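Accompanying notes for the structure given below.
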Amino acid sequence: MRYSDGQEARLGDKVKLSDGSEGVVVCSIDTDEFTSDYPRDQWEYLKRGVMVNFQRLGVVHYEQADEDLELVERSAS
C-alpha cells in the first residue's frame, strides 16, 4: 500500500489521520513485514495492505491509499 503522496507504507511508520489520531504501521502484507505481536499467520489472509494500530481507534486495515492517512515519520529500522 502507498500513502496518498506515493510513498510505500512500511513497518514501523508513524502515521496520523486528519482528526489527529496517531498510529503505527504494525504489519505490511504487501512488503511481507510482520512483528511478533502481529504475525504473518494471523494476518496474511487479508492478501494485501497494511495494519495500523491507532492509540484511540485500535487496529485498522488499509488495502489502498487513504487521503486521510499521512506519513509522519519513517521507522529508523
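All values reported here derive from a predicted model rather than from experimental measurement. Worth knowing before you read on, the calculation uses all heavy atoms, side chains too, and leaves out hydrogens, waters and symmetry mates.
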Between Lys47 and Ile29, is any pair of side-chain heavy atoms under 4.5 Å apart?
no
When you measure from the side chain of Asp30 to the backbone N and O of Gly49, does any donor-acceptor pair fall under 3.5 Å?
yes
Under 4.5 Å between any side-chain heavy atoms of Leu69 and Met1, yes or no?
yes
Which value, rounded to the nearest 0.5 Å, describes the distance between Leu46 atom CG and His61 atom NE2?
4.5 Å
Rounded at 0.5 Å granularity, tell me how far CZ in Arg2 sits from CZ in Arg10.
10.0 Å
Atom pair CZ/CD of Arg48 and Gln64 - distance to nearest 0.5 Å
6.0 Å
Yes or no on side chain to side chain contact (heavy atoms under 4.5 Å, CB included) for Val52 and Val15, after CA distance, side-chain angles and deciding distance?
CA-CA 8 Å; Val52 178; Val15 299; 3.6 Å; yes
Stepwise side chain to side chain contact (heavy atoms under 4.5 Å, CB included) check, Leu17 with Leu57:
CA-CA 11 Å; Leu17 295 172; Leu57 305 172; 3.6 Å; yes
Using 0.5 Å steps for rounding, measure from the CD atom of Glu22 to the CZ atom of Arg56.
8.5 Å
Mind telling me whether Tyr62 and Phe54 have parallel, tilted or perpendicular rings, with 30° and 60° as the class edges?
perpendicular
Just by distance, do the side chain of Asp68 and the backbone of Ser18 share a donor-acceptor pair under 3.5 Å?
yes
Looking at Glu33 and Leu11, would you say the former's side chain and the latter's main chain have a donor-acceptor pair under 3.5 Å?
yes
I would like to know whether Val60 and Met51 meet side chain to side chain contact (heavy atoms under 4.5 Å, CB included); could you show each step before the answer?
CA-CA 6 Å; Val60 178; Met51 300 293 291; over 6 Å; no
Side-chain donor-acceptor contact under 3.5 Å, Ser21 with Asp19
yes
Test log, rule side chain to side chain contact (heavy atoms under 4.5 Å, CB included), inputs Asp32 and Glu44:
CA-CA 9 Å; Asp32 199 34; Glu44 67 184 345; over 6 Å; no
Without hydrogens or angle criteria, can the side chains of Tyr3 and Asp13 be said to hold a donor-acceptor pair below 3.5 Å?
yes
